[in-house]
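Single-structure report; data block below.
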Amino acid sequence: MNKQTNWSFDTNAIRAGEHRDPVTGAHNTPIYQTATFSFETSEELADAFINYGKPDCPDLYTRESNPTISMLQDKMSVLQKTEASLAMASGMAAVAASIRLCAKAGDHVIVTDKIFVVSRSFFQEECPAMGIEVTFVDMLDLESVKNAIKPNTKALFVETITNPEMFVVDLAALKKIATSYDLSLIVDNTYLSPYLLQPVDFGADLILDSATKYLSGHGDAVGGILCGSEKLISRARSSMSSFGQCISPFNAWLILRGIRTLPLRMQRHTKNAMALAKMLKNHEKIEWVRYAGTPDSNQVALMEKQFPKGCGGMLSFNIKGDPDNLHKFMNALTMVDQATSLGDVYTLAAARVNYGLIRVSVGCEDEEDILADFAQALETIEI
Ligand SMILES: *Cc1c(COP(=O)(O)O)cnc(C)c1O
């Protein structure tokens, strides 16, 4: 298996974790579309049962392991610089697994109050049902994080760039707090992907990505990846099998294929988003733009320390005048699609009227075409 770590990230995105098919010599990763695996002898099958769930166990059943899924996991361990990774059915499966690894009934976790909406429901509805107490705090305010810590607190859960407001959290400062109170630091790295940020560099214990977003990059598969120590991930693997949250070999294959172009896409997303942020910032009809990468952002030092390669493709902005201008603007777009989700090669936008903003996932189309669509839609607005 190609697990060299002396290659650069961009080479690893293509080559790490992959190997030619030992049976057919197929150069590209085959989709092992099978539920179960058969054995030559009864003794071999008996051994596989005994070793079920251990790292070197032969593939026995796809809910537990499968060669296509293993290649995706091996690649992600290299890209996130962790000992192990677990591919799961969705990003939400990885969110839930990360908490189950760190907390049980009677424990308490501290969670960023600026959080992906479905993660919020998980923490608000499902954690209390499991007996896990949750406090939401503003992770930009380190004092309030410290004040929320109780004797039974086990973990801090953060998103590296907050959704949908696009604030940047200080991971090194949060790690310092986590270390002094013996808490696990869990980082949802979906907005940046390992190309822009490897949270282990800042001490993260568990890292998760919604692979549906930048890793897949083409909006064609739902999946999630949890990365961490071999000890934590092997526990997550057996729990995943019990909860039945495995990814399909086909989705794993699509995500694996997507990751090979992650560096190329992230460079384009970042360049396009920066250009759009600058254009909007200078536009008379725009109230404000939030993109962590623009030079006048008050978080620029933090951003440069944590993501020197840039801030990716997510930005949000508001339009002056009547709040209904958000809908008017969206309906005037001719190329950009109105959709939730992010990290797609297509530019996607959605009005979030309750937050008073439009959230944009800037795609990989030509910069001129993206800017032209936003400019013509703004033309139709009266302020
Ligand atoms: C989309 C998303 C998730 C959930 O991922 P799914 O693959 O949709 O289940 C979690 N966190 C963030 C920040 C997301 O954007």
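All of these numbers come straight from a predicted model, not from anything done at the bench. Counting begins at 1 with the first residue of the sequence. Counting convention: from 1, in listed order, for ligands and their atoms alike.
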Pairs where residues 202-225 contributes a residue and the test salt bridge (charged side-chain N to carboxylate O under 4.0 Å, His left out) is met, not counting sequence neighbours: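 Qualifying pairs, neighbours excluded: K175-D205.
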Would you list the pairs meeting salt bridge (charged side-chain N to carboxylate O under 4.0 Å, His left out) in which at least one residue belongs to residues 123-146, sequence neighbours left out?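 Qualifying pairs, neighbours excluded: K114-D138, E133-K150, E143-K146.
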Note down each nitrogen or oxygen pair, ligand 1 side and protein side, whose separation is under 3.5 Å; give only atom names and the distance to 0.1 Å.
from, atom 1, to, atom 2, distance (Å)
ligand 1, 5 (O), S210, OG, 3.0
ligand 1, 7 (O), G91, N, 2.8
ligand 1, 7 (O), S210, OG, 2.8
ligand 1, 7 (O), T212, OG1, 2.6
ligand 1, 9 (O), G91, N, 3.1
ligand 1, 9 (O), M92, N, 2.9
ligand 1, 11 (N), D188, OD2, 2.6
ligand 1, 15 (O), K213, NZ, 2.9

Heavy-atom pair of closest approach, residues E64 and S241: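 For E64 versus S241, the nearest heavy atoms are OE1-OG, 3.0 Å.
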Would F123 and F157 count as a close aromatic pair, with their ring centres under 6.0 Å?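 Ring centroids of F123 and F157 are less than 6.0 Å from each other.
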Please list all pairs passing the ring pair (Phe, Tyr, Trp, His ring centres under 6.0 Å) test where one or both residues lie in residues 355-383, with sequence neighbours left out.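 Residue pairs with at least one partner in residues 355-383: F329-F374.
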Under the 6.0 Å and 45° cation-pi test, does R100 pair with F243?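 Here R100 passes the 6.0 Å and 45° test against F243.
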